[in-house]
Amino acid sequence: MDKVTRMVSERPVVIFSKSSCCMCHTIKTLLCEFGVNPAVHELDEMGRGREIEQALSRLGCNPAVPAVFIGGELVGGANEVMSLHLKRSLIPMLKRAGALWV
C-alpha cells in the first residue's frame, strides 16, 4: 500500500494498467488525447505487479485495472473516468491537478 501511495504522489495523473486490457488502453488514449502525460504502470510488465494489483483491490478498485489517480486521489476505473468526462468534470479536475494548462 505504501508503494502505491508513493507512486501516485509522484505525478499529477497516474494510471495502473495491464498491457492486454482494452479498457486500460481506452482510458490511456482518452487522457493522452486531452494532452495529459500520465505516469502509466503496466502491472503485467512489473516484477511486483501482482502485489500492487492486490493493494489496488484493497483500496476499492474493482476491477483493479485501470486504476486512475488524479492529484494523488483515486478517481476509479474506466466507468468513473468516462462518467466524469460525460459530466464535463474530468478536464477541470485535470486542470486543478496541474495535468493540463489550457
Side-chain angles (χ1 to χ4, degrees):
M1 196 81 76
D2 291 337
K3 183 174 179 120
V4 171
T5 302
R6 181 179 44 78
M7 293 169 84
V8 302
S9 68
E10 293 174 353
R11 298 277 291 277
V13 179
V14 177
I15 303 171
F16 292 95
S17 174
K18 286 189 177 177
S19 60
S20 60
C21 171
C22 65
M23 292 311 293
C24 295
H25 175 76
T26 300
I27 296 304
K28 290 183 287 190
T29 301
L30 174 70
L31 292 173
C32 289
E33 287 290 321
F34 289 152
V36 174
N37 186 21
V40 178
H41 301 283
E42 300 289 356
L43 299 181
D44 56 337
E45 297 175 357
M46 297 172 64
R48 300 182 81 180
R50 182 74 182 128
E51 182 181 311
I52 294 170
E53 186 173 357
Q54 290 171 343
L56 292 169
S57 291
R58 287 192 297 274
L59 285 173
C61 298
N62 185 23
V65 294
V68 179
F69 290 78
I70 299 175
E73 299 293 322
L74 174 63
V75 172
N79 288 342
E80 291 80 11
V81 171
M82 292 306 292
S83 177
L84 287 169
H85 177 48
L86 293 172
K87 293 178 193 173
R88 300 188 187 281
S89 301
L90 183 58
I91 289 179
M93 183 182 288
L94 293 167
K95 287 179 180 177
R96 283 191 304 275
L100 287 177
W101 296 274
V102 179

Determine whether Ile27 and Leu43 fall in the same hydrophobic cluster, where Ile, Leu, Val, Met, Phe, Trp and Tyr are linked whenever their side-chain heavy atoms lie under 4.5 Å apart.
no
With a 4.5 Å heavy-atom cut-off, do Met46 and Glu53 have their side chains touching?
no
Is there side-chain contact between Val36 and Leu30, with at least one heavy-atom pair below 4.5 Å?
no
Please give me the minimum heavy-atom distance between Phe34 and Leu100, naming the atom from each residue.
O-CD2, 3.2 Å
Interatomic distance, CG@Asn37 vs SG@Cys32, rounded to 0.5 Å, equals 7.0 Å
Gap separating the CD atom of Glu42 from the OG atom of Ser20, nearest 0.5 angstrom:
8.5 Å
Pairs of donor and acceptor atoms involving the side chains of residues 61-88, under 3.5 Å and at least two apart or interchain, shall be tabulated with distances.
residue, atom, partner, partner atom, Å
Glu80, OE1, Gly77, N, 2.7

From Leu31 CG over to Ile15 CD1, what is the distance, rounded to the nearest 0.5 angstrom?
5.0 Å
Applying the 4.5 Å side-chain criterion to the ILVMFWY set and letting contacts propagate, would Phe16 and Leu59 be lumped into a single cluster?
yes
Is it the case that atom CD in Glu33 sees more than 12 heavy atoms from other parts of the structure closer than 6.0 Å?
no
Has the side chain of Asp44 got a donor or acceptor atom that lies under 3.5 Å from a matching backbone atom of Lys18?
no
